[in-house]
Visitor: 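My questions all concern the structure below.
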Amino acid sequence: MGKLDGKVAVITGGTTGMALAGAKLFVDEGAHVFITGRRQEALDEAVKQIGRNVTGVQGDAADLDDLDRLYDTVKREKGSLDVLWASAGGGEPAPLGEITEAQFDTWFGLNARGTLFTVQKALPLFNDGGSIFMTGSNASLGAFPGWSVYAGSKAVQQAWARVWLNELKDRRIRVNVLTPGQVATAKQEELFDEDTKRQFESLIPRGRMGRPDEIATAALFLASDDSSYVNGMELVVDGGTTAI
Ligand SMILES: NC(=O)c1ccc[n+]([C@@H]2O[C@H](COP(=O)([O-])OP(=O)(O)OC[C@H]3O[C@@H](n4cnc5c(N)ncnc54)[C@H](OP(=O)(O)O)[C@@H]3O)[C@@H](O)[C@H]2O)c1
């Protein structure tokens with residue numbers, strides 16, 4: 001018996017990294033999973049890797065028409081939804097003094113505005129007792145120079161989780177934030193050279209970056225009844241970086 005038997009889950013930004021690892025695990029635990037991403041080729045490859053009980057829907061989580069298309073597909077194929085993991089997000093370094101309007105609009109457009117509408121547009125399909133969680137970042141808990149736009153655009157989630165769980169309490173829908181630290185993903189490879197990665201690792205009490213499967217297991221906890229009494233919490237999975 002799987003922890004997500006018969007459940008329907010949506011994972012935005014699910015074609016690589018920790019969200020792909022989560023999508024595989026959710027399917028292994030009995031769910032049907034809808035994953036999204038902007039690149040059709042990466043989406044097709046992820047669907048192939050997952051292999052069963054998965055639907056790929058191409059789209060940008062910052063684009064409200066794409067979100068409508070996503071939920072139209074969920075409604076047509078499955079009728080309703082039990083789990084939403086709003087994981088699509090990103091950022092780039094920009095120290096105060098050099099932040100451009102375009103950087104602000106891009107990252108708040110995806111991490112804040114996109115996440116809010118990803119959740120809001122899912123609500124008509126949500127079954128009572130469902131689980132919503134969003135991928136935050138421990139950048140919003142630490143004070144990493146150069147990352148204020150990213151940190152700010154993710155910090156909203158902690159406030160939203162608390163307000164939304166209160167608004168959704170009659171439907172018993174839980175809302176939480178899953179907050180990773182440094183995790184070895186494609187985005188990390190793109191952003192950081194080996195020296196920078198070593199510097200980051202020196203700040204992590206656990207002594208190394210996280211692996212995507214270590215975020216996936218935390219996501220399964222939040223998605224499943226294992227966390228049935230966990231509501232409005234931020235689950236920080238960062239090897240202890242922001243605990244010290
Ligand atoms: N990696 C880390 O160390 C780390 C740490 C803390 C928090 N996070 C957060 O964890 C999440 C995943 O991060 P990651 O490092 O795995 O990122 P990533 O490698 O850049 O992207 C992962 C997935 O998201 C998709 N994606 C990116 N932008 C999207 C958009 N606008 N709409 C829909 N899909 C989109 C990507 O596919 P396409 O490019 O094809 O769209 C890919 O499938 C993000 O919210 C990130 O902020 C990451």
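Whatever order the structure lists ligands and atoms in, that order sets their numbers, starting from 1.
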Visitor: So which heavy atom in the protein is nearest atom 11 (C) of ligand 1, and how far is it from that ligand atom?
Guide: Ser87 O, 3.3 Å
Visitor: Can Thr106 and Glu92 be counted as having a side-chain donor-acceptor contact under 3.5 angstrom?
Guide: no
Visitor: Contact between Gly114 and ligand 1, counting heavy atoms under 4.0 Å?
Guide: no
Visitor: Scan Glu234, Lys154, Gln157 and name whichever one has a side chain to side chain donor-acceptor pair (under 3.5 Å) with Thr179.
Guide: Glu234
Visitor: Out of curiosity, Asn231 CG to Arg172 CZ, how far, rounded to the nearest 0.5 Å?
Guide: 12.0 Å
Visitor: Apply the test salt bridge (charged side-chain N to carboxylate O under 4.0 Å, His left out) to residues Asp72 and Lys75: give CA-CA distance (whole Å), side-chain angles for both, the deciding distance (0.1 Å), then the verdict.
Guide: CA-CA 5 Å; Asp72 285 347; Lys75 188 174 181 187; over 6 Å; no
Visitor: How far is atom 42 (C) of ligand 1 from its nearest protein heavy atom, and which residue and atom name does that atom have?
Guide: Thr16 OG1, 3.2 Å
Visitor: Relative to the heavy atoms of Gln188, which atoms of ligand 1 are at a distance of less than 4.0 Å?
Guide: 1 (N), 2 (C), 3 (O)
Visitor: Give the numbers and elements of all ligand 1 atoms closer than 4.0 Å to a heavy atom of Thr185.
Guide: 1 (N), 14 (P), 15 (O), 16 (O)
Visitor: Taking ring-ring contact (aromatic ring centres under 6.0 Å, His included) as the test, write out the residues that go with Phe221, two or more places apart.
Guide: none
Visitor: For residues Arg38 and Thr15, determine if any side-chain heavy atom of one lies less than 4.5 Å from a side-chain heavy atom of the other.
Guide: no
Visitor: Parallel, tilted or perpendicular: which fits the ring planes of Trp147 and Tyr150, with parallel below 30° and perpendicular above 60°?
Guide: perpendicular
Visitor: Does any part of the side chain of Ser80, heavy atoms only, come nearer than 4.5 Å to the side chain of Val8, both counted from C-beta?
Guide: no
Visitor: Does Gly59 come within less than 4.0 angstrom of ligand 1, counting non-hydrogen atoms of the residue?
Guide: yes
Visitor: Near Gly181, which atoms of ligand 1 are under 4.0 Å from a heavy atom of that residue?
Guide: 2 (C), 3 (O), 4 (C), 5 (C), 6 (C)
Visitor: Between ligand 1 and Val183, is the shortest N or O to N or O distance under 3.5 Å?
Guide: yes
Visitor: So which protein heavy atom does atom 6 (C) of ligand 1 come closest to, and at what separation?
Guide: Pro180 O, 3.4 Å
Visitor: State which residues pass side chain to side chain donor-acceptor pair (under 3.5 Å) with Lys197; sequence neighbours excluded, sorted by chain then number.
Guide: Glu189, Glu194
Visitor: Exactly one of Ile11, Thr185, Val237 should register a side chain to side chain contact (heavy atoms under 4.5 Å, CB included) with Met18. Which one does?
Guide: Thr185
Visitor: Return the residue, atom name and 0.1 Å-rounded distance of the protein heavy atom closest to atom 29 (C) of ligand 1.
Guide: Arg38 NE, 3.4 Å
Visitor: If you measure from atom 4 (C) of ligand 1 to every heavy atom of Glu41, Met18, Gln40, Gln182, which option wins on shortest distance?
Guide: Met18
Visitor: With heavy-atom distances below 4.0 Å as the criterion, list the atoms of ligand 1 near Gly90.
Guide: 47 (O)
Visitor: Decide yes or no for Phe133 and Leu235: does some side-chain heavy atom of the first lie under 4.5 Å from some side-chain heavy atom of the second?
Guide: no
Visitor: Considering heavy atoms of the protein only, find what lies nearest to atom 46 (C) of ligand 1 and give residue, atom and distance to 0.1 Å.
Guide: Tyr150 OH, 3.6 Å
Visitor: Going by the order shown, which atoms of ligand 1 are within less than 4.0 Å of some heavy atom of Gly37?
Guide: 34 (N), 41 (O)
Visitor: May I ask you to say whether Asp28 pairs ionically with Arg52, meaning some side-chain N is under 4.0 Å from a carboxylate O?
Guide: yes
Visitor: With a cutoff of 4.0 Å, is Gly136 in contact with ligand 1, counting heavy atoms of the residue only?
Guide: yes
Visitor: To check your reading of the model: name the closest protein heavy atom to atom 43 (O) of ligand 1, its residue, and the distance in Å.
Guide: Thr15 OG1, 2.4 Å
Visitor: To check your reading of the model: name the closest protein heavy atom to atom 38 (P) of ligand 1, its residue, and the distance in Å.
Guide: Arg39 NE, 3.4 Å
Visitor: With a 4.0 Å cut-off on heavy atoms, is Met209 touching ligand 1?
Guide: no
Visitor: Going by heavy atoms, is Ala42 under 4.0 Å from ligand 1?
Guide: no
Visitor: Please state whether Asp60 comes within less than 4.0 angstrom of ligand 1, counting heavy atoms only.
Guide: yes
Visitor: Considering only non-hydrogen protein atoms, determine which one is nearest to atom 9 (C) of ligand 1 and report residue, atom name and distance to 0.1 Å.
Guide: Thr135 CG2, 3.6 Å
Visitor: Out of Asp128, Val119, Leu123, which residue meets the side chain to side chain contact (heavy atoms under 4.5 Å, CB included) rule with Leu168?
Guide: Leu123
